[in-house]
Every structure is written in C-alpha cells, then in structure tokens.
2 protein chains.
Amino acid sequence: MSRWEPDARGRMIRAAMDLFAERGFDHTTAVDIAERAGVTERTFFRHFADKREVLFDGSQALEQAASTAILAAPASSGPLDAALAGVIAAGGLLEDRREHAVRRNLLVEANPGLRERELLKLTALVDATAEALRTRGVDDLIAALAAHSAVTVFQLAFTRWVSEERPPALAACIADTAALLRAL
Amino acid sequence: MSRWEPDARGRMIRAAMDLFAERGFDHTTAVDIAERAGVTERTFFRHFADKREVLFDGSQALEQAASTAILAAPASSGPLDAALAGVIAAGGLLEDRREHAVRRNLLVEANPGLRERELLKLTALVDATAEALRTRGVDDLIAALAAHSAVTVFQLAFTRWVSEERPPALAACIADTAALLRAL
DNA sequence: TCCAACATGTCAGTGACTGACATCGAACGT
DNA sequence: ACGTTCGATGTCAGTCACTGACATGTTGGA
C-alpha cells in the first residue's frame, strides 16, 4: 500500500463492474470495490462523486465528440442533421467496444438507481448538443428540440444495437432510427 | 401523539416543500420533515421510498391521464397526434395550479438529485405514453419515438410555462412547441 | 537538498434508509 | 360490551453512502 500504482482509477472501474456483475449493485459496498482495487474507500470517493459514477466514466467523452462533430458539420446542414451528426460521432466512440457496452448495459438496466443516473448523462448529452447547435446560430427552442430528438434516436438505436445478436454498426442503427423519426 | 390524523401524507409533503424552500434540500434532514409534520422519520419512509419522492407525489396521475387520453383519441389520429393528446391531458392536471408548479420547479431545478428524479418521472411518462400507443396498435419503435417526442414537447412547453411572467395556458404552450417540432 | 504539489491513508462523524418488534386505535363480528 | 384483527405508527438498532480534517509518503523540480 505504498507505490503510486498508475491505474488506480481503471482498477476501480473494473473491480466495480466485476462485483456488480457478481453480487449486484446493491449488494456491493464501496469498501468492497475499493478493497478489490487495492485502495481505500476514501480514495474511491475522491475519484468518483458517488458509487454510481464509477459506471459512467466515458460519458464526458461522448459529449465532447458530439459537440465537436456538430461544430464541424457543413453549414448547409439543418439543426436536426447537425444534431444527428453529433450523436453519430458520439456513437463512434462505442462502435468497437460493443462487448463492453453490452455488459455495462446489463448492469445499468438491472438497477433503477443506475438507470436514473444514465438519464442524467443522456440529458448532459442533450445539453451539449443543444449548446453546440446554438453556437451554430440555431434558435434556442429549435436547438433544444433537435437535440432531444437526436439523443432519443441515439438512445433507441443504442438499445437495439446492444440487444440484437448480430446487429449492424451503431451508426447504421442510428441512421435507421433517424429515418423512422423523420417519417413520423 | 395518538389519534389518526387523516392527512399525515399531505402534511409531510407541505412540510418538505416549506423546509426545502427555507433551508434547501441538502440542509433538510428527513427527521426535520417528519418532525414538522408531527410524525416519525420511520413513518416518513413508509410513505415515501426516499427523501426525493416527497416532491413527486402527483406524477402517477400524469401518467394515468396521458394513458387514458391516448386510448380515447380518435382512431384517425397518427401516433404523434395521439401522444400529444396524451401529454396535453397530463398538462390539464397542472393547468389550474401554476403557482404550485412554479414553486416546486424552483426546488427541483436547484438540486441535481431532484432533477435526476424528475428525469425518471418523465421517463415513466414516456413509458406510459408508448405503452398506450402500442395498445392502439402502433409499432414498438414508432411508439417509442412518438412518446419521446411528445414528452419532450411537454417538457419544453412546461419550462416556458413556469418561466414566463404571464404565459398562455399550458395547453397552448404545448401546441406551440409541437408546431415547432413538426417543422424540424 | 529542500520544497511543493499530489495521490493516498486514517479517523470520526452525519444522515439516508431498513428490518424487527411493540403499540394503539378503529372496525368488525359475537 | 368484549375480544379480535388490521392498519398506521412508534421505537430501536444497525448498515452504508458520503464528507471534512488531518497526517503521510512520493515525485519532480528550484
């Protein structure tokens, strides 16, 4: 318990996922996670605001990817197209890690508290998307509507992507779902 | 402390809203709420699953209203129209209690945890809406998309309704927002 | 070599929430 | 009137998430 192990954070995340899978989220204490990761409970809470956060480490990156993609979208794109480009870019970060996404999704779906936290993260993605649209000069309300729509598409496409046995690429799922939305 | 006071639940809700307004959610303990309501902490947690729930008592009624309205919508209505009829009906429950809605909204917006819980309630509204649409024979994915869209409209319209000084009726706000959505 | 920043450990404390058990008043049948 | 049963509540002890304050050890320069 002394040298600076370089990946304490990563170890905690893995320890948490393993323990949640073994005993379930509720029957895993923060101390359990910390111990398996070789750190103290206090250290755990220095890295993660609360026990749930350990499962949502990459969410910030999704927002970042969406934001930059939206700002980089051609000026000719309308709000919805730009927003969709954003969530497609976000999806790109998951594209080659489906196994991990599936496992993680099982854990989240199994616990109401984790689902609640996931909604918060999706809302953060909505906010980042809307903010990027506004930067492009889109009206506030339109930006909010487009952002919500795009993230909804992302959400439904993601659910299909992790549920089917041999699904198409996430980007394709998003495109399919987006097409349905436009037909509403 | 003995007779069966008929409205212990209502007293706790009011006590909680008052205390949250006075000291803020974080600086109000469950014991504080219980004491002001004249009950025990244990009784508080028998009525509400957790401290946050005390602010979301009517949410079930919204889902119920939306569901019945959707099932009662004319058969000629498309999925989106039916879903919108649902959230308009849900909004009808709030129409004549704007003051209360505004106060409550201030409390919720002031606390991340409460916002998180609100997202869960909105998702419950989405689920109820989608379920009602499916009962009408709407395809699963279409139902989900329409439900998400309608609740998004509800959400944005509600925000405007509680933010403006002398806003139109909530139903009108919803109609306005819905028009913008269709124009996307 | 000394210092400063940083990641961590230690410890004590608050408060949310739960399970088990006791009580008490009201409704009900006799 | 009386005993019973049931539902709402009180009591108590306990677990666990999370926090603040302080001490320690390690690292990378000035």
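A note on names: the letters A, B, ... follow the listed sequences, proteins ahead of strands, and every chain is numbered from 1.
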Between [X] ([atom1]) and [N] ([atom2]), how many Å, whole number?
X: B:Met12; N: C:dA16; atom1: CE; atom2: P; answer: 13 Å
X: A:Phe48; N: D:dC16; atom1: CZ; atom2: C1'; answer: 19 Å
X: B:Arg42; N: D:dT15; atom1: CZ; atom2: C1'; answer: 13 Å
X: B:Lys51; N: C:dT18; atom1: NZ; atom2: C1'; answer: 17 Å
X: B:Arg11; N: D:dA8; atom1: CZ; atom2: P; answer: 14 Å
X: A:Arg52; N: C:dA16; atom1: CZ; atom2: P; answer: 15 Å
X: A:Glu35; N: D:dA17; atom1: CD; atom2: P; answer: 12 Å
X: A:Arg9; N: C:dA7; atom1: CZ; atom2: P; answer: 11 Å

Heavy atoms under 4.0 Å, any strand shown: does [X] hit a base, just sugar-phosphate, or nothing?
X: A:Thr40; answer: base
X: B:His27; answer: nothing
X: A:Val31; answer: nothing

Minimum heavy-atom distance [X]-[Y], with the two atoms named:
X: B:Ala83; Y: B:Ala146; answer: CB-O, 3.8 Å
X: A:Ser149; Y: A:Leu181; answer: CB-CD2, 4.0 Å
X: B:Val151; Y: B:Thr129; answer: CG2-OG1, 4.4 Å

Worksheet item: Does any donor-acceptor pair link the side chain of B:Arg46 with the base of D:dG7 at a separation under 3.5 Å?
Response: no

Discussion item. Below the 4.0 Å mark, does D:dT9 have OP1 or OP2 next to a side-chain nitrogen or oxygen of B:His47?
Written reply: yes

Worksheet entry | A:Asp50 vs B:Thr43, nearer the 5' end of DNA chain D by closest nucleotide | B:Thr43

Worksheet item: When rounded to the nearest 0.5 angstrom, what distance separates CD in B:Glu63 from CG in B:Leu122?
Response: 9.5 Å

Worksheet item: Between D:dT9, C:dT8, D:dA17, which one does the side chain of A:Ala8 approach most closely?
Response: C:dT8

Fill in: Plane angle bin for B:Phe154 and B:Phe158 - parallel if under 30°, tilted between 30 and 60°, otherwise perpendicular
parallel

